[in-house]
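Here, residue 1 is the first one in the sequence, and each next residue gets the next number. Note that the structure is predicted; figures quoted are calculated from it, not measured. Counting convention: from 1, in listed order, for ligands and their atoms alike.
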Amino acid sequence: MTASLGKVSNEELRRRDLDVLWHPTTQMKDHEWLPLLAIRRARGVWLEDMDGQRYIDAISSWWVNLFGHANPQISEAVARQARELEHVILAGATHEPAVRLAEKLVAITPQGLDRVFYADSGSNAVEISLKMSFHFWVNRGETDRTRFVALSNSYHGETLGTLSIGDAGVFRDTYKPLLLEPLLAPSPDCFGIAAENHDRHAAEKLAELDRVLSDHAGQVCAVIVEPLVQGAGGMRMYPPSYLAGLRRVCDQHEVHLVADEIAVGFGRTGTMFAFEQAGVSPDFMCISKGLTGGYLPMSAVLTGESVYREFYDEYTSLRGFLHSHSYTGNALACAAALATLEIFEREPVLERNRQTARLMRNSVTALEQHPHVGEIRQTGMILAMEMVADRDAMIPYDWTERRGIGVYRHALEQGVLLRPIGNVVYFMPPYVIDEDEIGQMAEAAISGINAATGATGP
Ligand SMILES: *Cc1c(COP(=O)(O)O)cnc(C)c1O
């Protein structure tokens, strides 16, 4: 990247920002002492600030980027589309990018997901799946079904509807009086459990979910899960056997199964979609984040023909799904998504990711015996290191100590953007990260964890 510095400095942009902006998931008072990253541009895994400092984007800019920033193929596809058609209403109209993308999504997603409903954010996709499931049962005459089952520690977004069906702790608690109550089943999260016992642990948790469904027979619309990795809940992981069992249990109780693949879809866990690893299909699948390669906001809900048919009738029957977002099926977003999927078609992405995932794991072996690292866990291109106060007793650090911010600040000084979730430091980089960059990312994490935990080694 060549330096071509403009007139605006980090300092000036920060000052102007704090006069007018209100940032997401932020206690704005923190920015009295925590400097904002002021980004001028980005290429590949690298972000460059207004003063020319460079940082590895180890978190893919909130898990959305797959093939690097300013990817020439995706940028070109978006530019080309912008000259042709930027957007058109999708109710009563259609366009080729929307149709081609839907055809491709149907082809690459698990069997039975043959209908695509577009939206513009992950939260909206989840909302749509909930409304569709509920409405399906209403159309069937089953009006007692008003409940949703979610897993403990799950996250499905932050609108009132999606907060309602999650267990997102501090994001949720304040708004509790406004929300629906989900039926929570215990997460199969395997934190601190030896690998050989993961399947047994998952089976025990599945039995508890089975009981929840028995206790609420005829009242439940759907069970919603983040397959394999509970992302915002701290990159907690569980085995595919749980998903296979979940499919069986949902069938037995005749409730829908909703897969929230917003964070884990598009190759993140080693397969194109996480559910593939269980060899079963959900009834609804929500996708977003990586869908456009990290370029434009877009999401989709996929479902099957039997769900679709339950809504298909004369208008006056009022069985139709009357839901919309202004930017539904945006043509620029479709073009970005098509260009992203073309990279998957042209290049051996999943195969390359296996090698990259191994390099990531090997880069942090020095932390295996660290007195304040309770666990290193990995599912494909997500690797998490959980800091603990006491490794033997697995005692967590008090959240008010904000150890993660210590890692964040230290890593930035080393030229790496990490953004720990509480005490969980994680790597979730763009797939194009190379060996040297992984080395730099790991150095920053290791020294950052040492600095934040007061440890001297390794
Ligand atoms: C990010 C995320 C969402 C919400 O997506 P937004 O685009 O931020 O609304 C929902 N579910 C999961 C699992 C996510 O990671």
Side-chain angles (χ1 to χ4, degrees), residues 23-26 59-66 117-133 148-172 175 179 182 184 187-189 222-238 242-243 246 257-269 273-275 282 284-302 323 325-328 330 333 336-337 340 379-382 384 419-422 424 426-428:
H23 287 265
T25 316
T26 300
I59 55 163
S60 298
S61 284
W62 252 346
W63 323 346
V64 299
N65 193 290
L66 302 185
F117 193 101
Y118 289 122
D120 52 11
S121 71
S123 302
N124 279 335
V126 172
E127 296 255 351
I128 287 163
S129 69
L130 303 177
K131 283 180 71 178
M132 272 185 183
S133 174
F148 291 91
V149 177
L151 300 181
S152 58
N153 196 40
S154 61
Y155 176 96
H156 298 290
E158 285 165 73
T159 58
L160 292 176
T162 55
L163 280 178
S164 278
I165 47 85
D167 183 30
V170 294
F171 301 117
R172 184 178 199 278
Y175 310 99
L179 306 177
L184 283 185
S187 167
D189 162 18
V223 177
I224 181 166
V225 295
E226 294 163 88
L228 301 186
V229 183
Q230 294 189 300
M235 300 299 167
R236 292 295 182 85
M237 300 175 184
Y238 62 88
Y242 183 83
L243 299 176
L246 182 59
L257 172 49
V258 181
D260 177 352
E261 294 242 5
I262 290 163
V264 296
F266 300 98
R268 227 358 121 174
T269 67
F273 296 98
F275 246 84
F284 296 91
M285 191 164 105
C286 305
I287 52 176
S288 188
K289 292 203 165 104
L291 171 59
T292 62
Y295 265 66
L296 284 152
M298 176 177 230
S299 63
V301 177
L302 283 93
H323 181 109
H325 296 288
S326 312
Y327 280 97
T328 293
N330 177 261
T340 299
T379 301
M381 287 293 290
I382 307 173
R419 199 171 190 279
I421 300 169
V424 179
Y426 68 91
F427 300 153
M428 197 161 163

Checklist entry - Identify the closest protein heavy atom to atom 5 (O) of ligand 1: which residue and atom is it, and at what distance? => result G122 CA, 3.2 Å
Checklist entry - Distance only, no hydrogens: is a donor on one side chain within 3.5 Å (strictly under) of an acceptor on the other, for E127 and T159? => result yes
Checklist entry - Between K289 and ligand 1, which residue portion shows a heavy-atom distance shorter than 4.0 Å: side chain, backbone, both, or neither? => result side chain
Item to check | For D260, the ligand 1 atoms whose distance to one of its heavy atoms is below 4.0 Å | outcome: 10 (C), 11 (N), 12 (C), 13 (C)
Checklist entry - If we only count N/O pairs under 3.5 Å, is V126 in contact with ligand 1? => result no
Checklist entry - Atoms of ligand 1 less than 4.0 Å from W63 heavy atoms? => result 15 (O)
Checklist entry - What closest approach, in Å, do A222 and S133 show between heavy atoms, and which atom pair accounts for it? => result CB-OG, 3.6 Å
Checklist entry - Could an N or O of ligand 1 be found under 3.5 Å from any N or O of S288, whether backbone or side chain? => result no
Item to check | Shortest non-hydrogen contact between S152 and S187, atoms and distance | outcome: OG-N, 2.8 Å
Checklist entry - Near S123, which atoms of ligand 1 are under 4.0 Å from a heavy atom of that residue? => result 4 (C), 5 (O), 6 (P), 9 (O)
Next on the checklist: Ring centroids only, cut at 6.0 angstrom: are F266 and F273 within range, meaning strictly under it?
Outcome noted: yes
Next on the checklist: Taking 4.0 Å as the limit for heavy-atom contacts, which would you say applies to W62 with ligand 1: side chain only, backbone only, both, or neither?
Outcome noted: neither
Next on the checklist: Checking the side chain of R172 only, and the main-chain atoms of L163 only, is there a donor and an acceptor separated by less than 3.5 Å?
Outcome noted: yes
Item to check | Which segment of E226 sits under 4.0 Å of ligand 1 when only heavy atoms are counted | outcome: side chain
Item to check | Which of the ligand 1 atoms, numbered from 1, are nearer than 4.0 Å to a heavy atom of A263 | outcome: 15 (O)
Checklist entry - Is the count of non-hydrogen atoms from other residues, nucleotides or ligands lying under 6.0 Å from Y327 atom OH greater than 12? => result no
Checklist entry - Without hydrogens or angle criteria, can the side chains of R268 and S60 be said to hold a donor-acceptor pair below 3.5 Å? => result yes
Checklist entry - Counting only heavy atoms on the protein side, is anything nearer than 4.0 Å to atom 8 (O) of ligand 1? => result no
Checklist outcome for this item: Near H156 (heavy-atom distance under 4.0 Å), the atoms of ligand 1 are 10 (C), 11 (N)
Item to check | Heavy-atom pair of closest approach, residues S299 and D120 | outcome: OG-N, 3.4 Å
